[in-house]
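Fair warning: this is a prediction, and the values are worked out from it, not measured in the lab.
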Amino acid sequence: MKIFKMPKAEPKTIQELMQRAAALAGLTLGEVAELAHVKVPKNFKREKGWTGQLIEFCLGASAGSKTQQDFAKLGIELKTIPIDEQGKPLETTYVCFAPLTNIAGIEWQTSSVKNKIQQVLWVPIDGRREVAPQDRCIATPFLWSPDIEQDNQLRSDWEELMEMIALGQIENITARHGQYLQLRPKAANGNALTEAVGKNGQVINTRPRGFYLRKEFTGEILQAFFNSDKSGY
DNA sequence: CAGTGATCATTT
DNA sequence: AAATGATCACTG
């Protein structure tokens, strides 16, 4: 049984990060919140990113809204993911904003999506709505990098979506496009607007969009890990 | 407004 | 019941 202690600084090595993460396994959000001296919301209607921020804090990620990975030095992105009793994801996973202008010449290999998910520290957490947030248990965190097949799956979807954007078809893209990577609105509300390319190449205003990993995709990642999990948790 | 962290809630 | 489209809080 590992005892979790709040970190004072950013982890300097992957080993240090993974040790901190491993120490969170089995704890409830309520227990972790107490260690962090914060209150657990009764629901997430008004604090949707609460869990992610808590885990960031617990692992020593530097706060702020940077476009880079959470642990840039280590090249690792942190993602909490809500799961059900079978370990299946309950929500899609937000990756990053989609560029809607000046996208000529942009490529998968250097894209924000590719960069963000090169190496992810997944922290699966019970996300069942029938369980009170304070009682939701943290499962075993694990490190993942896309294999060739997964990279190809995402690249294929990404190229399809980016081509539509480049051709001024942004308004025709729905969340139904993309088998593993989808494009959905990502904003504070429906009034938020940003520039994009219209049907005839003109500048139009549209709702900002973000890339999301479908549950089918993250579900396979989780399943692959749980099937080989030797942690005994 | 753009970006971080995501889940909510209406529609299908 | 599941997925899409909408939304919440906070920081530069």
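- Residue A/Arg129 has a polar side-chain atom (N or O) positioned under 4.0 Å from OP1 or OP2 of B/dC8.
- A donor-acceptor contact under 3.5 Å is formed by the side chain of A/Lys186 with the base of B/dT4.
- A sub-4.0 Å separation between OP1 or OP2 of C/dG5 and a side-chain N or O of A/Arg184 is absent.
- Contact check on A/Lys114 versus A/Glu77 returns no salt bridge, with no Lys/Arg side-chain nitrogen under 4.0 Å from an Asp/Glu carboxylate oxygen.
- To the nearest angstrom, C1' of B/dA9 lies 14 Å from CZ of A/Arg46.
- Heavy-atom distances to DNA chain C give each of A/Arg176 and A/Lys88 a nearest nucleotide, and the one nearer the 5′ end belongs to A/Lys88.
- For C/dA2, the OP1/OP2 oxygens have no side-chain nitrogen or oxygen of A/Lys215 closer than 4.0 Å.
- Set against C/dG5, B/dG5, B/dT7, the side chain of A/Glu77 has B/dG5 as its closest nucleotide.
- At a threshold of 4.5 Å between non-hydrogen side-chain atoms, the residues A/Leu143 and A/Val120 do not count as touching.
- Phosphate contact (OP1/OP2 of B/dA2, side-chain N/O of A/Thr194, threshold under 4.0 Å): present.
- Put simply, A/Gln182 has a side-chain N or O that comes within less than 4.0 Å of OP1 or OP2 on C/dT4.
- Residue-to-nucleotide contacts include a donor-acceptor pair under 3.5 Å from the side chain of A/Tyr212 to the base of B/dA6.
- Contact between the side-chain N/O atoms of A/Lys116 and the OP1/OP2 oxygens of B/dT4 is found at a separation under 4.0 Å.
- Summarising the geometry, the separation between CG on A/Asn191 and C1' on C/dC8 is reported as 14 Å, rounded to the nearest angstrom.
- For the pair A/Gly190 and A/His177, nearest-nucleotide mapping onto DNA chain C gives the more 5' position to A/His177.
- For C/dT7, the base has no donor-acceptor partner in the side chain of A/Lys45 [N/O atoms by modelled type, under 3.5 angstrom].
- With A/Tyr212 as the fixed residue, the ring-ring contact (aromatic ring centres under 6.0 Å, His included) test singles out one of A/Phe97, A/Tyr94, A/Tyr180: A/Tyr94.
- Counting only heavy atoms from C-beta on, A/Lys79 has its side chain closest to B/dG5 among B/dG5, C/dC8, B/dA2.
- Between A/Tyr94 and B/dG5 there is no side-chain N or O to OP1 or OP2 distance below 4.0 Å.
- As a whole-Å value, the separation of A/Arg128 CZ from C/dA2 P is 15 Å.
- With salt bridges taken as basic N to acidic carboxylate O contacts below 4.0 Å, none links A/Glu10 and A/Lys12.
- Residue A/Thr80 places at least one side-chain N or O closer than 4.0 Å to OP1 or OP2 of B/dA6.
- For A/Glu91 against B/dC8, a side-chain-to-base donor-acceptor contact under 3.5 Å is present.
- Contact annotation: the side chain of A/Gln118 never approaches that of A/Ser145 to less than 4.5 Å [non-hydrogen atoms, C-beta and beyond].
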